[in-house]
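Right, one structure below, let's go through it.
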Amino acid sequence: KSILMFIRRTGVASMGYTTITFMIFMLLVTAAYYMFPVKKYQWTVLLVASYIFYLWASWKYAAFLLFTTFTVYFAALIMYKNSKTAKETIVLHSGEWDREQKKQYKEEMKRKRRKVLIMVLVLNFGILIFLKYFNLFAGGMNSFLEKSGMTGPIPILHLALPLGISFYTFQSIGYLIDVYREKFEPERNPAKYALFVSFFPQLIQGPISFYDQLAHQLYAERNFSYKNLKHGTLLMLWGYFKKMVIADRAVSLIQMVAPDYMQYNGTVIFITVLVYALQLYADFSGGIDISRGFAEILGIEMAENFCRPYFAVSINDYWRRWHITLGAWMKNYVFYSLAMSKRFFKMGKNLKQKYGDHAVGAHIAKVLPAGIASFITFLLVGIWHGANMKYVAFGVWNGSVILLSVLMQPLFNKAIAGLHIQTQKTSWRIFQILRTFLIVLIGYMFDIGNNFSAAIDMLGRCVRDFSFDITQIIEQITSCGMTLYDYMLLIFMTVLIFYVSLIQERHSDTTIRKLLEEKYPKFQWIVLFAGLLSIAIFGMYGPGCSAAEFVYMQF
């Protein structure tokens, strides 16, 4: 009965991960991929499948994907040809030109490559910025014009974001910058490059892949592997479990409390933020597990995007564990570009000359340029999350915490030594984890609040209106679309996720699936069927239930 209800809910109209359509599509792609007669061109199955998937989900906006694909493809070839010509010309004139002439010629050719790079960056990021932020800009300008007594408001446009535009734009631009930096040669085959950009398991919400990590896997010849099928299926089931059993159950509380938070006391708001932490992690990491699991069935290992983020001991550590591929992209192409630029190098040098004679001044001179670069990077991360000032505040909060932590590190070290804290003890690590989690929860206020002022007010209510009236708390939280049964189930599932994460943290060099295979080979089948039954029995589907979209689909 549960399975029939599941089929009735999902239908065949969409291609979301939780639909029957996608599951049939996945089976057909897997069969076609491994049965393709010419292994050399096996990758074409993935290309065709990726464009079918994209056209099915977002056919009106396919032109944006094609535009990014071909502008970046041709720009990479132009830059590579420029670089190759420069090297050949220098060799040709090696006996005629002196060192200075060679240097000037190199700089001239590099400037030409930089112009191509900047043009493509402006075009592609310009499209993303226009579609994502035009209405925010228009609304702000209209408010300014109204206050100034001026007429002629800017029209608000009905814009929609193409599926996965942030992910495929970032992935393409990362490839282009790497070609500009001469990290590798560009892909000459436009169809192969189109597959790298459009590979469908990563289109919905990532992970953001790097060319030298993913491309060679996409084009490789493969035979069917039972091991890959088993490991990939287990990872997909874990993802479906987190999404359908946990995230889709928890989302109703957030949707009820966040828009109408003034009707609830500070304790309920705080519980909502705690549930949001669980829901966001289960939703986002669950979707990534489904993507990575299906890719693994095809023999393709996609980048890991989560590494037990709520076990982080600092906010820096948290961002090394949460949305890992976005952090890696920002570090490679934003942070390093700023921190290693001439302007930031000059800033550090000037600070060292002025204040380097004192220990505090020397420390600030050393870490401030990198700290400011980190702050700017997190500001951009916040802006990337959405067209609202609350996301700017989210970026400012994270960037400020990291900036202050690096500036005040000597003071922290002195306090730890003065208090005789034994940092190797488990109790200290637990304190660090709880402290970091609290900082993360404050940042999540900006996620769930309708706007910046609402987020600040919610934070204030958690402090000044915190109640210990159990009867009132139960009455309020059970009026928000979730029953006590749902809460008890969420608590149990949270304990389960915590236990699995704890095992992974202790065995960071391997995965749960490999541990099961090595120590309990027969137990894998029990886990497999238990996962299927859990999703069938406890999954959020059936009459009256509308499965929530993945949180990061909007990006």
Side-chain angles (χ1 to χ4, degrees), residues 54 58 61-79 111-141 154 157 159-181 183 186 193-194 196-198 202-211 323 325-341 343 373-389 391-392 394-396 399 552-555:
Y54 197 86
S58 187
Y61 306 104
F64 292 103
L65 175 64
L66 290 170
F67 178 82
T68 296
T69 300
F70 286 105
T71 54
V72 172
Y73 168 76
F74 285 113
L77 290 179
I78 291 168
M79 289 195 298
R111 278 195 296 271
K112 290 181 179 179
R113 292 199 301 275
R114 192 181 297 120
K115 286 180 181 178
V116 175
L117 174 66
I118 292 171
M119 180 183 70
V120 177
L121 288 177
V122 169
L123 283 173
N124 284 280
F125 280 130
I127 291 171
L128 176 61
I129 290 167
F130 176 79
L131 292 175
K132 199 167 185 176
Y133 304 106
F134 175 80
N135 285 341
L136 176 67
F137 168 78
M141 285 300 298
I154 301 172
L157 305 178
L159 301 172
L161 281 178
L163 179 68
I165 184 170
S166 288
F167 294 108
Y168 71 68
T169 300
F170 275 41
Q171 189 159 303
S172 301
I173 296 303
Y175 161 84
L176 187 64
I177 294 173
D178 283 340
V179 171
Y180 170 78
R181 293 174 176 175
K183 186 176 179 180
Y193 178 69
F196 167 71
V197 177
S198 64
Q202 67 188 12
L203 267 178
I204 289 182
Q205 55 182 355
I208 301 169
S209 298
F210 295 95
Y211 182 81
H323 207 340
T325 56
L326 175 64
W329 195 96
M330 286 290 180
K331 182 174 71 174
N332 288 341
Y333 306 118
V334 178
F335 173 77
Y336 284 148
S337 297
L338 290 171
M340 300 177 70
S341 65
R343 183 169 295 180
S374 183
F375 178 86
I376 294 171
T377 301
F378 277 98
L379 177 61
L380 293 175
V381 168
I383 293 171
W384 175 80
H385 273 79
N388 195 306
M389 284 303 297
Y391 294 117
V392 175
F394 174 80
V396 169
Y552 274 76
M553 279 190 70
Q554 63 180 301
F555 299 99

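In this structure, the side chains of L163 and L65 stay at 4.5 Å or more apart for every pair of heavy atoms. Two residues are said to be in side-chain contact when any heavy atoms from C-beta on lie closer than 4.5 Å; M79 and L176 meet this criterion. Between P162 and L131 the shortest side-chain heavy-atom distance falls below 4.5 Å. I376 is not listed as a side-chain neighbour of F335, based on a closest heavy-atom distance of 4.5 Å or more.
Checking N124 against T169 by side-chain atom types alone, no donor-acceptor pair falls below 3.5 Å.
The CG atom of L380 lies 11.0 Å from the CZ atom of F378; values are rounded to the nearest 0.5 Å. Atom OG1 of residue T71 and atom CD1 of residue I127 lie 7.5 Å apart, to the nearest 0.5 angstrom. Between Y175 atom OH and K183 atom NZ the span is 13.0 Å, to the nearest 0.5 Å. Note: I173 CD1 to I208 CD1 = 12.0 Å, rounded to the nearest 0.5 Å. In this structure, CG on L326 lies 12.5 Å from NZ on K331, to the nearest 0.5 angstrom.
Side-chain atoms of Q171 come within 3.5 Å of backbone atoms of F196 as a donor-acceptor pair (strictly under, hydrogens ignored). Between the Y168 side chain and the T69 main chain, no donor and acceptor come within less than 3.5 Å of each other. Listed for the K132 side chain is a donor-acceptor partner under 3.5 Å among the backbone atoms of W384.
Minimum interatomic distance between Y54 and L203 (heavy atoms only, all atoms of both residues): CD1-CD1, 3.4 Å. Considering every non-hydrogen atom in both F375 and V396, the closest pair reads CE1-O, 3.8 Å. A pairwise comparison of heavy atoms in V381 and M330 identifies CG2-CG, 3.9 Å as the closest pair. Nearest approach of V120 to A75, heavy atoms of both residues: CG2-CB, 3.4 Å. Between S209 and Q202, the closest heavy-atom pair is OG-OE1, 3.0 Å. When all heavy atoms of V179 and A76 are compared, the closest pair comes out as CG1-O, 3.7 Å.
Every residue two or more places apart in sequence or in another chain that forms a side chain to side chain contact (heavy atoms under 4.5 Å, CB included) with Y73 is listed here: L77, P190, Y193. In this view, Y333 and D178 satisfy the side-chain hydrogen bond (donor to acceptor under 3.5 Å, both in side chains) rule, not counting sequence neighbours. Applying the side-chain hydrogen bond (donor to acceptor under 3.5 Å, both in side chains) rule to T325 yields the partners N305; only residues at least two apart in sequence or on another chain are considered. With sequence neighbours left out, the side chain to side chain contact (heavy atoms under 4.5 Å, CB included) criterion links S341 to R343, F344. Residues passing the side-chain hydrogen bond (donor to acceptor under 3.5 Å, both in side chains) test with Y61, sequence neighbours excluded: none.
Using cut-offs of 30° and 60° for the angle between ring planes, the F125 and F170 rings count as perpendicular.
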Task: Intermediate values then yes/no, side chain to side chain contact (heavy atoms under 4.5 Å, CB included), L123 and F67 - done: CA-CA 10 Å; L123 283 173; F67 178 82; 4.3 Å; yes
Just list the side-chain donor-acceptor pairs under 3.5 Å for residues 111-118, sequence neighbours left out, or say none.
residue: R113; atom: NH1; partner: N82; partner atom: OD1; Å: 2.8
residue: R114; atom: NE; partner: Y180; partner atom: OH; Å: 3.3

